[in-house]
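Here is the naming used below: chain letters follow the sequence lines, and residue numbers restart at 1 for every chain. The shown structure was predicted, so the numbers you read here are calculated from the model rather than taken from an experiment.
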Amino acid sequence: MIYGDRNSGILVQGATGKQGEFHIGLMNNYARQVGGRGVVAGVTPGKGGREVHGVPVYNTVKEAMRDYDISASVIFVPAAAAADAIMEEANAGIETIVAITEHIPVHDTMKAIAYAKMEGCAVIGPNCPGLLSPGEVKMGIMPAGLFSGGNVGVISRSGTLTYEVVDELTRAGIGQSTVIGIGGDPIIGLTFVDVLRRFEKDPQTKAVVLIGEVGGNLEEEGAKSTDLPIVSYIAGISAPPDKRMGHAGAIVEGGEGDARSKIARLKKMGVPVASRPSEIPEMVRDLFHGQC
Amino acid sequence: MKLREYEAKMVVKEAGIPVPAGFLIKSADELTPHLGALGDAFVLKAQVDVGGRGKSGGILMAGKADGIKMAKELFGRQIKGLPVKEILAEQRLDIQHEYYLSITVDRSNKQPLILFTEAGGVDIEITAKEHPEAIRKVIANPLMREIPQFMLRELVGTAPKEIGSIINKLYRVFLEKDALLAEINPLVTTPRGIFAADAKLIIDDNALGRQGFTVNRDLTDREREAEKHGFSYVELNGTIGVIGNGAGLTMSTLDLIEFYGGKAANFLDVGGGAESERVMQAVRLVGSVPSVKVIVVNLLGGITKCDEVAKGIISADIPQKVIVRLAGTNEAEGRAMLSAKGYEMLDTMDQVVRKAVEVAI
């Protein structure tokens, strides 16, 4: 567990929307399975007093926090209001914020993250699937059925590609400590460096799979910052320059952030890089010399 | 979306940064009424969306006597394959020194990054490699509306002080226009003062609506069609169509095609929770690309309903072979529907891609 456990009380903003409602149900199913608290309150301005899957809905985050002990939140509100939701939660004193919302303008994200930093809170995302620590807690939209508990941490800029890798790991008998999607936008709250620092302090995590993609150099910065054994995979080796590959942040710009040079830099640091997702389990096993 | 030079210059001019006197013309004849104002020597700049415009013949020097003739010449040219439909005719500046100024979004610091160098006019990437010490950098706090004076002094150094106020004006443009890049290269000193000789602005695609743009011009026709349906779509030049859910998984599918020796025709991310109607539109869109011989559908995720996906693939009814990898809810129903219609379904992404490469070659 690196950003919460079964005792974490979770708040959902955008609780009465289609996505919010659907995922409150799934998160609380998971919480029931593992004996966790799960989502204890929801917030949608103007919809206070309702209930979603038995979870009370409030008009503001502060009101919800008066009634419940809440340490984390998951945001499903539409892009135009999402930065405001992040700031409201940071202001109310929530420690960990998971922003699922896609298409938030970059300038809104920059301001919200700068503000959250002043308030001392961690923002995961935006444009991310959240995190899951098997057997402990699920904050976000990851499909829990693919996961299994173990000693390997996974950090990724992607959603479904993460599920693909987790599925491969689980099938190979390699369990996960925490799997976290940090988001596909150019500006995101927690980066590989921040999450790796948490993994280093987590006694359960013995190795990390770092899943990156074209754009920027956050993967290399992360790999350079840690002594934890890492296996990496970088998507986008066939991505043409100056085209956004689905994620706002997945773009090779000014000749920088292309997959080949990323892979070369990672390999130079001694990080094994898989050439396709199905190679990852074997490479992780090699890190443990077969003892996993 | 990248603004054209004349649009970017209009924006910086409104913000109080001087730009050379200039006129946008759509034919050579439209130049005539401006010849007086342009003076003896001026520049004709093709407004085309390509990099390296100058080196590809997109910029011509002209004068009063040969202006019309040169404009006709430029309108007749193709710049990197693109026709010239608009020309910016601009007064020539008596340049004393060239500087470089840019503001970008810095991913590592999660804040605006301002770069200034006294060695302007040239390619900043070359300067960054050869003389990194010549580039001055500051990181601004996005919660502040202005760059503090001490940061401006750090940036400007021994260059003219007035550049400090130009940096702040460009910073305001950067914030107010939702820019991912605001660049003036070169920023020039002349006997008549400081001017932005060129300007570049890239507006965040996710802010185009609130910035008053209705279409994203950077997209091709098929990309625009895809955008209407809410797909992320990029056209490539291979023979294997690709449909996936999620940007990372779809990109990874393209890479795997390359790994097995094939070539992808496109990238199409249908997004989460794909319903039959959307899947049908996606399959038809990819099937409409003439070079596509076979389509790989690679969908994975808890909330994707496989029966919906199967319905969409079947109702798209395209002539090309569609090979499917599906994992999610109602998987058995989806499989049964597809195999009843003779579609091939495989279990892993390696299998599905390998099969598609075999078919395409």
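The minimum heavy-atom distance linking D350(B) with S278(A) is given by the pair OD1-OG, 2.9 Å.
For a residue to count as touching a neighbouring chain, one of its non-hydrogen atoms must lie under 4.5 Å from one of that chain's; by this rule Y233(A) touches chain B with the side chain only. Looking at E253(A), only its side chain comes within 4.5 Å of chain B, counting heavy atoms on both sides. Interface residue R244(A): backbone and side-chain heavy atoms are both found under 4.5 Å from chain B. Neither the backbone nor the side chain of Y233(B) has a heavy atom closer than 4.5 Å to any heavy atom of chain A. Heavy atoms closer than 4.5 Å to chain A are found nowhere in I257(B), neither backbone nor side chain. Only the side chain of N217(A) comes within contact range of chain B, with at least one heavy atom under 4.5 Å from a heavy atom of that chain. When heavy atoms are compared at a cutoff of 4.5 Å, D178(B) approaches chain A by way of both its backbone and its side chain. Of the two parts of I188(A), only the backbone, made up of N, CA, C and O, holds a non-hydrogen atom closer than 4.5 Å to a non-hydrogen atom of chain B. Heavy atoms closer than 4.5 Å to chain B are found in the side chain of D194(A), but not in its backbone.
By the salt bridge (Lys or Arg N to Asp or Glu O under 4.0 Å) test, K243(A) pairs with E223(B), sequence neighbours left out.
The candidate from S252(B), P112(B), A264(B) with the greatest count of non-hydrogen atom pairs under 4.5 Å with chain A is S252(B). Among P186(A), S158(A), G159(A), the residue making the largest number of heavy-atom pairs under 4.5 Å with chain B is P186(A). The residue among L208(B), D269(B), L254(B), T253(B) with the most heavy atom pairs within less than 4.5 Å of chain A is L254(B). When V165(A), D108(A), V214(A), D242(A) are compared by the number of non-hydrogen pairs under 4.5 Å with chain B, D108(A) comes out ahead. Contact count against chain B (heavy-atom pairs under 4.5 Å) is highest for G236(A) among G236(A), P240(A), A114(A), S156(A). Comparing A235(A), P105(A), A259(A) by how many heavy-atom pairs each has under 4.5 Å with chain B, the most go to P105(A).
The number of heavy-atom neighbours closer than 6.0 Å to CD of E256(A), taken from other residues, nucleotides and ligands shown, is 12 or below. Summarising the local packing, NZ of K2(B) is surrounded by more than 12 heavy atoms from other residues, nucleotides or ligands at distances under 6.0 Å. Within a 6.0 Å sphere centred on CZ of R224(B), heavy atoms belonging to other residues, nucleotides or ligands number more than 12.
Atom CD of residue E258(B) and atom OG of residue S275(A) lie 11.5 Å apart, to the nearest 0.5 angstrom. From H247(A), atom NE2 reaches atom OG1 of T250(B) across 9.0 Å, with rounding to the nearest 0.5 Å. Put simply, CG on D106(B) and CD1 on I187(A) are 7.0 Å apart, with the number rounded to the nearest 0.5 Å. Summarising the geometry, atom CD belonging to E168(A) is positioned 8.5 Å from atom CE belonging to M349(B); distances are rounded to the nearest 0.5 Å. Note that CE of M245(A) and CZ of F267(B) are 5.0 Å apart. Values are rounded to the nearest 0.5 Å.
For the side-chain hydrogen bond (donor to acceptor under 3.5 Å, both in side chains) test with H103(A), the passing option among D205(B), D204(B), N206(B) is N206(B); the others fail.
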M118(A)/L143(B) under side-chain contact (heavy atoms from CB on, under 4.5 Å): CA gap, chis, key distance, verdict
CA-CA 11 Å; M118(A) 277 167 48; L143(B) 296 175; 3.7 Å; yes
In sequence, state the C-alpha distance, the side-chain angles, and the governing distance for I234(A) and M251(B), and then conclude on side-chain contact (heavy atoms from CB on, under 4.5 Å).
CA-CA 10 Å; I234(A) 304 291; M251(B) 242 189 293; over 6 Å; no
side-chain contact (heavy atoms from CB on, under 4.5 Å) between T191(A) and S108(B), worked out:
CA-CA 8 Å; T191(A) 60; S108(B) 302; over 6 Å; no
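The backbone N or O of A179(B) lies less than 3.5 Å from a partner atom in the side chain of H107(A), making a donor-acceptor pair. Although no hydrogens or angles enter the test, the distance criterion places a donor-acceptor pair under 3.5 Å between the side chain of K110(B) and the main chain of G189(A). Without hydrogens or angle criteria, R107(B) side chain to G249(A) main chain gives a donor-acceptor distance under 3.5 Å. Remark: side-chain polar atoms of T160(A) are paired, donor with acceptor, to backbone N or O of N245(B) under 3.5 angstrom.
Side chains of D255(B) and S238(A): a donor on one and an acceptor on the other come within 3.5 Å.
Taking the charged nitrogens against the carboxylate oxygens, E164(A) and R325(B) do have a contact shorter than 4.0 Å, which makes a salt bridge.
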